[in-house]
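One structure below.
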Amino acid sequence: MKIPPFSLAKQLDELSQELDSAVLRVLKSGQYIGGEEIDRFEKFFAAATGVPFSVGCNSGTDALVLALRALDIGKGDEVITSSFSFFATAEAISAVGAKPVFVDVHPDSYLIDLNLLEKAITPSTRAILPVHLFGFPVDMERLLQVAKKHGLKVIEDCAQAAGSFWKGRSVGSWGDIGCFSFFPTKNLGGAGDGGAVTTKDPHIAQRIRELAVHGMPRRYLHTQLGYNSRLDALQAAVLNVKLPRLKGWVNKRQLIAKRYEEMLKGIPSLSLPSSLDPEDGCHGWNQYVVRIQNISPKEDTQESQANLKKEISDFDSCYLPRDLLKKKLEEDGVNTIIYYPIPIHLQPAYKSLGHEKGKLPVTETLCKEVLSLPVFPELTIEEQEKVVHSVKKLLPECF
Ligand SMILES: *Cc1c(COP(=O)(O)O)cnc(C)c1O
């Protein structure tokens, strides 16, 4: 039995007829840019998010760039975010000329640590960009309190969190702008790149609409420098087929996460991701991310700690118990992924920011310990049992 980290083929079995006719409809219509499918999707997606406006664009990365531009964030501005995320979160901030300021994450939620937020605010801070990482929603009430107090804008990175809610409201409906990705492996995935922004503000929606088409409010009148960043009609047609299923898929992800929790609890050196009290919200479980502690409790001597520290001084080492487990699982037919092995602030591309190792201790530790187990709606109980069996069998061999 071979188990992939995600499966797009199985979803296709269920949807292929509907997708075939949706795609053919677009091809026959001749309207490949804009048009009915786009309008339908934007209305549909705004409603699903609980906001009046949604604008499709080329990718989640573009959604972030367009959001920052729409709020006039640029050179000289600072935007607070976390370093434990996909690179695009910070890359978008840099792309508009602003500076990403990284706040450490909380070890239980892997999300931006709200206790550290205020300390990071300077006179140059313009916005906070929280990431609902792995589908776990950030406590948006608390975050908005801080933002309001300091007059900051809020852009939510919802790329991994379509179908996640905080206190009964969808992510992407709390801040000034929500940014979504439809990259194929996200909870709502297209057949290629795609993204969308969500907002309550009609002016922001209009500004983003224009920025996404060369800053062009009407044909060949360009009032600002923009981008070519549209959602394709073909992608919108695919997403229109998939969006009604999102809730059901998220429910399945939640069941799978619950089963993992039951089957994996109590294993030494393995910590499981925090789940969310249903009173607080809905975790979309785009990823099920466990941590393999670097020292097993019985070997936790000063000497072994020191040795390990020496060995893992480099982020691309593969001496880590986590890396060993990943390799052994792969040999056993279970494919896992590491999100993310290198924190953004220590990426070579951000050398110029001058961050040193040790600056964000929780983020840096997580990067050495996290491992994403397979989670996708079509994962069967047998497959999940196999994953658990392999983890239980192989983990003790990794220390
Ligand atoms: C995927 C992702 C993005 C970027 O989305 P693309 O559609 O791939 O450009 C941004 N932020 C996070 C947290 C992501 O996971």
Side-chain angles (χ1 to χ4, degrees), residues 5-6 8 41 45 54-69 79-96 98 100 102-103 105 109-112 127-138 140 143 154-164 171-172 175 177-198 208 212 227-232 234-236 238-239 242 253 273 283-289 337-345 347 349-350 363 366-367 370 372 375-376:
F6 47 82
L8 303 171
F41 176 72
F45 194 68
S54 160
V55 181
C57 64
N58 211 312
S59 68
T61 307
D62 280 7
L64 291 166
V65 169
L66 291 164
L68 289 155
R69 282 287 311 276
V79 178
I80 295 173
T81 192
S82 46
S83 174
F84 190 54
S85 180
F86 179 55
F87 189 68
T89 305
E91 191 182 30
I93 297 169
S94 303
V96 301
F102 301 110
V103 165
V105 291
S109 63
Y110 314 154
L111 304 175
I112 192 162
I128 309 173
L129 204 164
V131 183
H132 305 294
L133 195 71
F134 306 141
F136 198 144
V138 172
M140 289 308 293
L143 187 135
V154 175
I155 298 171
E156 297 173 67
D157 185 337
C158 309
Q160 299 183 6
S164 297
V171 298
I177 306 178
C179 300
F180 290 83
S181 164
F182 307 125
F183 186 82
T185 60
K186 313 283 177 165
N187 281 6
L188 179 65
D193 279 312
V197 296
T198 52
I208 288 177
Y227 309 87
N228 176 3
S229 182
R230 290 172 286 228
L231 184 66
D232 286 340
L234 272 171
Q235 293 303 339
V238 168
L239 293 166
K242 291 190 174 192
R253 289 175 179 274
H283 189 325
W285 292 109
N286 184 240
Q287 299 297 336
Y288 190 87
V289 180
I337 299 185
I338 296 168
Y339 299 108
Y340 296 89
I342 304 173
I344 298 176
H345 69 287
Q347 290 287 355
Y350 275 128
T363 296
L366 286 175
C367 288
V370 289
S372 297
V375 57
F376 48 89

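Both counts, for ligands and for their atoms, begin at 1 and track the order of listing.
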Q) Are Asn58 and Asp193 linked by a side-chain donor-acceptor pair shorter than 3.5 Å? A)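 Side chains of Asn58 and Asp193: no pair found under 3.5 Å.
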
Q: Say whether Tyr110 and Ser82, considering side chains only, have a donor N or O and an acceptor N or O under 3.5 Å apart.
A: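 On atom types as modelled, these side chains do not qualify, holding no pair under 3.5 Å.
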
Q. How many angstroms lie between atom CZ of Phe182 and atom CZ of Phe41, to the nearest 0.5 angstrom?
A.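 Reported to 0.5 Å precision, the distance equals 3.5 Å.
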
Q. To the nearest 0.5 Å, what is the distance between CD1 (Ile80) and CD1 (Ile93)?
A.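 Nearest 0.5 Å value for the CD1-CD1 distance: 10.0 Å.
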
Regarding ligand 1, does [X] bring an N or O atom to under 3.5 Å of one of the ligand's N or O atoms?
X: Thr61; answer: yes
X: Asp62; answer: no
X: Leu133; answer: no

Using a 4.0 Å cutoff against the non-hydrogen atoms of [X], which atoms of ligand 1 qualify?
X: Ser59; value: 7 (O), 9 (O)
X: Gly60; value: 5 (O), 6 (P), 7 (O), 9 (O)
X: Gln160; value: 13 (C), 14 (C), 15 (O)
X: Thr89; value: 11 (N), 13 (C)

Tell me if a side-chain donor or acceptor on [X] pairs with a main-chain N or O of [Y] at a distance below 3.5 Å.
X: Gln235; Y: Ala191; value: yes
X: Thr363; Y: Pro343; value: no
X: Asp157; Y: Ala159; value: yes

Q: Anything under 30° is parallel, anything over 60° is perpendicular, the rest tilted; go ahead and classify Phe134 against Phe84.
A: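 Answer is perpendicular, since the angle exceeds 60°.
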
Q. When you look for heavy atoms under 4.0 Å from ligand 1, do you find them on the side chain of Ala159, its backbone, both, or neither?
A.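 Near ligand 1, Ala159 shows its side chain, while the N, CA, C and O stay back.
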
(Q) Below 4.0 Å, non-hydrogen atoms only: which portion of Val131 touches ligand 1? Side chain, backbone, both or neither. (A)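 The side chain, only.
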
Q.
Measuring from atom 13 (C) of ligand 1, which candidate in Asn286, Asp193, Asp157, Thr81 has the nearest non-hydrogen atom?
A.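 Of the listed residues, Asp157 has the closest heavy atom.
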
(Q) Quick check on Ser85 - does any of its heavy atoms sit under 4.0 Å from an atom of ligand 1? (A)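 Ser85 counts as a contact of ligand 1 under the 4.0 Å cut-off.
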
Q) Tell me, which protein residue and heavy-atom name are nearest atom 14 (C) of ligand 1, and how many Å apart are they? A)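 The answer is Lys186 NZ, 3.0 Å.
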
